[in-house]
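In what follows, chains are A, B, ... by sequence order, proteins preceding strands, each numbered from 1. Just so you know, these numbers come straight off a predicted model, no measurement behind them. Any value given below was found using the heavy atoms of this structure, including those in side chains, with hydrogens, waters and symmetry copies removed.
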Amino acid sequence: MPTFDLSLPPAHFVEEEYQARVWMNHFLQSHRMNGGLGLDSETSGATKHKDVVMLWSLSDGANRVCLPAKFIPLFREPILENPEINFDLTNAKFDAHMFANSGADLSKAGQWRDTLVQSFLYNENNQGRHGLKECVKDHFDREPPTFDLIFGKLPPAKKGTVKKTYADLINEALADPVKRAAAADYAAMDAFNTTCLRKHFDEQLGQLMMYQGTSLRDFFYSVEVPFTKVLWKMERRGFQIDAGYLWALKGPMEQRMQEIEKEFAKAAGQLVNLRSVPSIRWFFYEFLKKEHWKKTKGGSTGLQQPSTDVEVLEDWAGQGDDWAKLLLEFRGIDKIYGTYVTSIMELLDSNYRVHTSLNQIGAQSGRLSSSDPNLQNIPRPSEDQFRIRDAFVASKDKKLIVADYAQLEMRLMAHFSQDEKMIKAIIDGIDLHCLTVSEMYGIDYDEVIGAVKAEKKHKKNELGRELTNREITLLMYRQACKATGFGIIYGIGGPKLASQLTKMGEKVYAEAEGWHLIEQWFNIFPSVRVFIEGAKKQIKSIGFVQTLTGRFRRAGEISFMSKKDASQTERTLVNAIIQGSAADIAKASMLQADVDPVLCGYGARMLLQVHDELVFEVPDVPEVVKECKSRLQAIMENPFGSPLRVPLPAEVGEGYTWATAK
DNA sequence: GGCGGCGGCACC
DNA sequence: AAACGGTGCCGCCGCC
């Protein structure tokens with residue numbers, strides 16, 4: 001429980017301008033004593049680029065006040081955009097969007113302290129319990145009323161009637177004097193609880209030391225607080241979409257899918273829903289009487305059923321099954337159609353820009369996640385026949401620059417393990433996977449590299465001959481070694497590695513071969529094994545690991561776990577050292593890029609992060625593009641004051657679409 | 001009609 | 001001997 005007074009002050013609902021001015025003057029003083037102002041809003045809905053503030057509330061811990069939206073202009077400059085005032089919020093970016101849509105730019109104010117982020121730093125394992133209501137329950141043992149209780153539930157949408165909105169619910173409540181008081185009490189409670197939580201987490205995080213002299217509280221204020229604003233600006237800018245391009249894809253996709261549906265219907269004598277797994281199961285296993293060799297996981301019921309996934313279908317397709325081939329084609333189209341064409345078109349704003357949400361507490365490793373829409377899983381152009389990334393374009397008179405780290409996670413493995421051979425190879429600019437092939441199979445390194453170069457030329461039709469069998473073999477070896485290296489970062493086992501390699505290539509790998517590859521890989525880079533074993537020991541003894549910047553990834557109580565859960569936790573935490581540190585590096589680059597005088601001076605605008613990749617929009621002037629590229633590269637390659645044991649090269653490209661800029 | 005589990009699949 | 005880390009979202013389907 002917190003050390004400060006938690007008693008709830010009465011809620012005030014401001015109706016007259018003179019009241020508003022009195023409270024404004026009060027908060028202009030009291031925010032200093034409280035170390036910030038709690039701020040929350042009730043909005044007309046949850047669409048980032050459209051919805052607006054209906055009611056908003058301020059609290060300095062001793063008072064709580066609810067105001068209607070009409071007072072936003074009056075408070076805009078002195079309070080909401082005042083750089084002297086720090087705000088305490090829960091889900092800060094959301095409220096900031098709503099205020100921006102209502103004419104107030106909160107990004108001009110002081111800090112945004114987001115209690116979601118504080119709660120995450122306090123315990124990243126409390127999944128789903130970082131929200132305001134959950135934190136108030138868990139930390140203050142109080143249960144504030146829910147929105148529904150005060151404002152009622154949105155009735156189910158009915159055909160032919162006008163949809164009721166949250167704005168309607170709030171307006172209805174305000175029209176009734178009794179309900180209005182309850183609404184004000186509810187809204188102002190959230191602002192009060194938010195500022196209390198911020199102070200509570202300040203105390204708690206202050207006790208948790210990341211390393212000598214630095215607490216999680218320090219980390220929150222120096223890294224996470226500024227980062228929230230960086231992310232908000234990216235969300236706010238949005239990414240320009242070539243809606244015509246997407247629109248043009250729709251028709252042909254629908255047509256081809258219908259053709260395939262008809263083929264199945266004709267053969268089966270009835271409609272087969274190709275999007276339904278049970279229907280597909282029926283078609284292949286009952287109707288065509290195919291043998292099954294793979295079953296589904298079976299979830300909570302434990303009911304395992306014959307699988308119809310890509311792996312199975314590709315196996316059948318390889319044996320000449322045209323139905324499997326057709327279904328693969330259907331799935332390939334439908335995935336893109338449903339997830340990336342129609343859904344993105346529905347999320348465009350009036351300028352055809354799409355505004356993702358970049359979730360600061362998205363991954364327990366410390367990575368971001370992206371949603372509504374998820375722009376971190378748009379198909380790569382090399383794999384995508386529809387080239388969805390070509391629909392992501394630069395705005396008028398702008399150009400995109402895309403920068404990504406090369407083998408960031410492998411380099412971090414080298415840094416953490418301090419493996420001599422690995423570090424030397426990286427510093428000498430040697431291709432790690434080729435080196436592994438060379439050592440593992442006793443082949444000359446230059447010959448392996450030669451095969452890689454030949455393949456590159458072949459892809460660009462510059463080779464002037466076919467690849468030799470020897471080259472193909474070497475490339476296969478390299479694929480295997482590359483997959484092994486990645487797998488080791490994930491804590492892979494022999495069977496999984498074998499099945500993955502079998503899926504990738506022409507050769508069938510046995511489980512023993514998988515284990516052998518892993519063993520051999522460890523023999524080439526022996527310190528990596530030592531590092532992983534050491535990390536596992538630490539996880540067993542103290543129950544946590546830390547990333548490059550000292551961020552924690554904590555385990556539950558391992559001694560109470562089943563053997564299976566314990567080893568799962570070990571794999572997760574070992575991986576978190578690498579994945580989390582990569583996230584730290586990306587974050588540091590973004591923080592620097594956001595305030596960099598060169599990039600800011602040229603008007604470069606950061607739009608998107610995809611873990612190890614950053615997308616910017618810059619003025620379409622050759623000299624500007626060139627300067628921004630080299631500046632961004634310099635920032636990314638030296639994200640911290642102190643260098644790592646290996647360099648962190650970043651590759652930078654430019655173009656008018658996301659697909660072509662890489 | 002909303003919701004959650006499931007199978008499947010896109011990304012790093 | 002067995003066990004691939006981190007995400008979000010689609011449509012379907014059964015349940016309430």
Find the distance [X]:[atom1] to [N]:[atom2] and express it as a whole number of Å.
X      : N      : atom1 : atom2 : answer
A:L327 : B:dG8  : CG    : C1'   : 11 Å
A:I518 : C:dG5  : CD1   : P     : 13 Å
A:L347 : C:dC9  : CG    : P     : 9 Å
A:D372 : C:dG8  : CG    : P     : 10 Å
A:L274 : B:dG7  : CG    : C1'   : 15 Å
A:Q305 : C:dC12 : CD    : P     : 17 Å
A:N359 : C:dG8  : CG    : P     : 7 Å
A:E570 : C:dG6  : CD    : P     : 14 Å

message: What's A:Q364 touching, base or sugar-phosphate or nothing? Going by heavy atoms closer than 4.0 Å.
response: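 Sugar-phosphate, backbone atoms only, no base.
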- prompt: Reckon A:N273 touches a base, only the sugar-phosphate, or nothing at all at heavy-atom distances under 4.0 Å?
  reply: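 A:N273: backbone/sugar contact only, no base atoms under 4.0 Å.
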message: Run the side chain to side chain donor-acceptor pair (under 3.5 Å) test against A:S343 and tell me which residues pass, sequence neighbours left out.
response: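 In terms of side chain to side chain donor-acceptor pair (under 3.5 Å), with neighbours along the sequence ignored, A:S343 is linked to no residue.
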- prompt: Quick one: side chain to side chain donor-acceptor pair (under 3.5 Å) partners of A:E383, sequence neighbours excluded?
  reply: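 If we apply the side chain to side chain donor-acceptor pair (under 3.5 Å) test to A:E383, skipping adjacent residues, the hits are A:R380.
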Is [X] close enough to [N] that one of its side-chain N or O atoms is under 4.0 Å from OP1 or OP2 there?
X      : N      : result
A:Q568 : C:dA2  : no
A:S276 : C:dC13 : yes
A:T296 : B:dG7  : yes
A:T572 : C:dG6  : yes

Could you list all N or O pairs between the protein and nucleotides 9-11 of chain B that sit under 3.5 Å apart?
residue, atom, partner, partner atom, Å
B:dC9, OP1, A:R331, NH1, 3.3
B:dC9, OP2, A:V310, N, 3.1
B:dC9, O2, A:K335, NZ, 2.9
B:dA10, O4', A:Y340, OH, 3.4
B:dA10, N3, A:N377, ND2, 2.9
B:dC11, OP1, A:R380, N, 2.7

Pairs: protein N or O with nucleotides 14-16 of chain C N or O, under 3.5 Å:
none

Test of understanding: with salt bridge (charged side-chain N to carboxylate O under 4.0 Å, His left out), list the residues that count as partners of [X], not counting sequence neighbours.
X      : value
A:D372 : none
A:K153 : A:D148
A:E259 : A:R256
A:K294 : A:D309, A:E311

Would you give me the side-chain donor-acceptor pairs under 3.5 Å for residues 481-499 of chain A, sequence neighbours excluded?
residue, atom, partner, partner atom, Å
A:T484, OG1, A:A480, O, 2.6
A:S499, OG, A:K496, O, 3.1

field: Electrostatic pair A:D384:A:R389 at N-O distance under 4.0 angstrom
entry: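 No, no charged N to carboxylate O under 4.0 Å.
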field: Exercise: do A:Q376 and A:S369 side chains pair donor with acceptor under 3.5 Å
entry: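 Result is no, nothing qualifies.
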- prompt: Using a distance-only test with no angle check, is there a side-chain donor-acceptor pair under 3.5 angstrom linking A:T165 and A:D168?
  reply: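 Side-chain D/A pair, A:T165 to A:D168: present.
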- prompt: So which one's nearest nucleotide on DNA chain C is more toward 5', A:W515 or A:N575?
  reply: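 First, find each residue's nearest nucleotide; the 5'-ward one identifies A:W515.
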query: Which of these nucleotides, C:dG11, C:dA3, B:dG8, is closest to any side-chain atom of A:V277?
result: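 Nearest to the side chain of A:V277 among the choices is B:dG8.
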field: Those residues of residues 481-497 of chain A lying under 4.0 Å from DNA chain B by at least one heavy atom
entry: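 Result for residues 481-497 of chain A: none.
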task: With sequence neighbours left out, write down each residue that passes ring-ring contact (aromatic ring centres under 6.0 Å, His included) with A:H516, or none if nothing qualifies.
output: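 ring-ring contact (aromatic ring centres under 6.0 Å, His included) check on A:H516 returns nothing, list empty.
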- prompt: Which residue pairs pass the ring-ring contact (aromatic ring centres under 6.0 Å, His included) test with at least one member in residues 555-577 of chain A, sequence neighbours excluded?
  reply: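 Pairs touching residues 555-577 of chain A that pass the test: none.
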